[in-house]
Asker: 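Okay, handing you the structure first.
Only heavy atoms go into these numbers, but all of them, side chains included; no hydrogens, no water, no symmetry mates. Sequential numbering from 1 along the given sequence is applied to the chain's residues.
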Amino acid sequence: MEKLIAPSSLKNGIFRCLKAGANIEFPEQGTPQGGVVSPLLANIALNGIEEIHPSVRYADDMIFFLKPGDNEKIILAKVCNFLIERGMKISERKTKITAATDGFSFLGWEFKVQSNGKFRSYPSKDNFRAFRKKIKNVVNSSNYGASEKAQKLAPIVRGWRNYHRFCKMDGAKHNLHHIELRTFRKFNKETKQDRHTSKKLLDKAFPKVPYSENSHISVKGTKSPYDGDLTYWSERNSKLYDGITSKTLTKQKHTCGYCGHKMLSDERVHLHHKDSNHSNWKPKNLLAVHESCHDYHHMGKGKL
């Protein structure tokens, strides 16, 4: 793997964080687990562990993929030696071997290879349970009316659906049909049986997010957001979209139709209707723009 060079200002910022510690009075305590800089430090400390064996990792959570004939004891010993050199050790309680056909959870997802060989991914049970609890807390709250509840639910639902947009989400459980039905009944009661208003609030509370199973585009192992390869990053991010959005981005060569800059970050891409008619989806009437650029335009501070 190529060595990735980060800007000196970023390096200095990391070193200052480490030197300052988590507490001014006790700097030797370091950074707390779960802190915002914790995943960054884990990535720095564990850089290179991926060369031991084919794997996938996020911070200090890692999965190694074993094929028939692979010796798990040898691989585990190499991992342990790698960690020992960095003053770390593996968690025996969290480490296990499981068959892909039995399924396993990772980062809020459940992964499984079916008997027919098809790979599936779903929101994990714990992830869905925590999400459902957040929804219930808002819906059953007596502190807000139906309108306020819809406003509070929207970012929770949108965030959850965006996180799982590359999973299998067409089942009755994960398309949230039953949760939406219970919420509608609650809204209908609070709006005094005004079904039209309740339906509008429900649509606001549960915004739709397109999903496309197993279509996530992985980042090449040698690539970094700081490598200056604008073409790679703009094209890679554009491929995360499908349908008319993908076609519009390709036509615009992966640049924003407002500011002209490449689509480089994780900022959402919006489709702007040039004639302000949101029923007109003809390709020549659409312009792909950054979400912030779209907002800026509709604030009256710029023209598209």
Side-chain angles (χ1 to χ4, degrees), residues 56 58 107-109 111 118-123 154-172 174-177 180 200 202-304:
V56 60
Y58 178 81
L107 300 179
W109 292 296
F111 299 99
K118 188 171 181 61
F119 175 79
R120 292 290 195 189
S121 60
Y122 315 84
I156 299 174
V157 174
R158 184 183 295 108
W160 186 80
R161 280 178 161 162
N162 266 320
Y163 187 76
H164 298 293
R165 67 188 183 276
F166 298 117
C167 291
K168 186 181 186 315
M169 300 290 284
D170 55 359
H174 296 130
N175 67 16
L176 309 183
H177 171 73
E180 288 189 34
K200 287 183 64 176
L202 188 71
D203 291 341
K204 180 179 179 180
F206 289 84
K208 304 300 181 184
V209 173
Y211 69 91
S212 184
E213 186 181 2
N214 299 337
S215 63
H216 179 73
I217 308 298
S218 298
V219 175
K220 291 182 179 179
T222 58
K223 302 307 297 181
S224 164
Y226 304 107
D227 59 15
D229 191 345
L230 301 184
T231 301
Y232 169 80
W233 285 103
S234 59
E235 291 185 0
R236 184 259 171 189
N237 291 344
S238 296
K239 289 176 182 177
L240 297 178
Y241 293 88
D242 53 17
I244 189 65
T245 303
S246 176
K247 292 179 181 178
T248 306
L249 283 168
T250 301
K251 184 174 67 174
Q252 295 175 199
K253 298 183 179 179
H254 315 289
T255 59
C256 173
Y258 179 83
C259 66
H261 292 173
K262 293 284 189 180
M263 299 292 190
L264 298 177
S265 67
D266 290 332
E267 184 177 0
R268 293 178 63 197
V269 173
H270 280 197
L271 284 179
H272 172 71
H273 294 74
K274 298 178 183 178
D275 64 357
S276 299
N277 179 8
H278 288 81
S279 297
N280 182 1
W281 287 88
K282 293 181 179 179
K284 64 180 181 180
N285 188 49
L286 301 175
L287 199 66
V289 296
H290 290 113
E291 181 180 20
S292 57
C293 290
H294 204 198
D295 292 341
Y296 195 75
H297 164 72
H298 283 294
M299 289 168 62
K301 297 185 177 180
K303 293 184 179 181
L304 286 169

Asker: Taking atom NE2 of H174 and atom SG of C167, what is their separation to the nearest 0.5 Å?
Answerer: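 The NE2 atom of H174 sits 8.0 Å away from the SG atom of C167.
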
Asker: So, for W160 and F206, is the gap between ring centers shorter than 6.0 Å?
Answerer: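 No, the ring of W160 stays outside the 6.0 Å limit from the ring of F206, centre to centre.
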
Asker: How many angstroms lie between atom OG1 of T255 and atom CE of M263, to the nearest 0.5 angstrom?
Answerer: 7.0 Å

Asker: Would you say NZ of K200 has more than 12 non-hydrogen atoms from neighbouring residues, nucleotides or ligands within 6.0 angstrom?
Answerer: no

Asker: Which heavy atom of P283 sits nearest a heavy atom of K251, and at what distance?
Answerer: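 What the structure gives for the nearest pair is O-NZ, 3.3 Å.
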
Asker: At their closest point, which heavy atom of A288 faces which heavy atom of V269, and how far apart are they?
Answerer: CB-CG1, 4.0 Å

Asker: Looking only at non-hydrogen atoms, find the nearest pair between R161 and P207 and report the distance.
Answerer: NH1-O, 2.9 Å

Asker: State whether the side chain of N285 and the backbone N or O of D275 hold a donor-acceptor pair below 3.5 Å, judged by distance alone.
Answerer: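 Yes, because the side chain of N285 sits within donor-acceptor range (under 3.5 Å) of the backbone of D275.
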
Asker: Do any N or O atoms from the side chain of Y163 and from the backbone of G108 form a donor-acceptor pair under 3.5 angstrom?
Answerer: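 Answer holds: no.
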
Asker: Return the minimal non-hydrogen interatomic distance between L271 and W281, and the atom names on each side.
Answerer: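 Minimum heavy-atom separation between L271 and W281: CD1-CZ3, 3.9 Å.
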
Asker: What is the distance from atom CG of D170 to atom CG of N175, rounded to the nearest 0.5 Å?
Answerer: 7.5 Å

Asker: Take H297 and H272 through the ring-ring contact (aromatic ring centres under 6.0 Å, His included) test and state the conclusion after the steps.
Answerer: CA-CA 10 Å; H297 164 72; H272 172 71; 4.9 Å; yes

Asker: Tell me the closest heavy-atom pair linking G257 and Q252, and the distance in Å.
Answerer: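 Looks like N-NE2, 3.5 Å.
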
Asker: Any salt bridge (charged side-chain N to carboxylate O under 4.0 Å, His left out) involving residues 204-213? Give me the pairs, sequence neighbours left out, ordered by first then second residue.
Answerer: R120-E213, E180-K208

Asker: On a heavy-atom basis, which atom in K220 and which in Y232 lie closest, and how many Å separate them?
Answerer: N-OH, 3.0 Å

Asker: About how many Å separate NZ of K247 and CG of L286, when rounded to the nearest 0.5 Å?
Answerer: 11.5 Å

Asker: Quick check: does any side chain N or O of N214 sit under 3.5 Å from a backbone N or O of F119, one acting as donor and the other as acceptor?
Answerer: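 Between the backbone of F119 and the side chain of N214 there is a qualifying donor-acceptor contact (under 3.5 Å).
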
Asker: Please say whether more than 12 non-hydrogen atoms of neighbouring residues, nucleotides or ligands are located less than 6.0 Å from NZ in K282.
Answerer: no

Asker: Is S121 close to F111 at the side-chain level, that is, under 4.5 Å between some pair of heavy atoms?
Answerer: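 Yes, side chains in contact.
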
Asker: Nearest 0.5 Å please: distance from the OG atom of S215 over to the CZ atom of R165.
Answerer: 8.5 Å

Asker: I want to check something: taking the side chain as every heavy atom from C-beta on, are C293 and H270 in contact at a cut-off of under 4.5 Å?
Answerer: no

Asker: I need the W109 CH2 to H164 NE2 distance, nearest 0.5 Å.
Answerer: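 It comes to 7.5 Å.
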
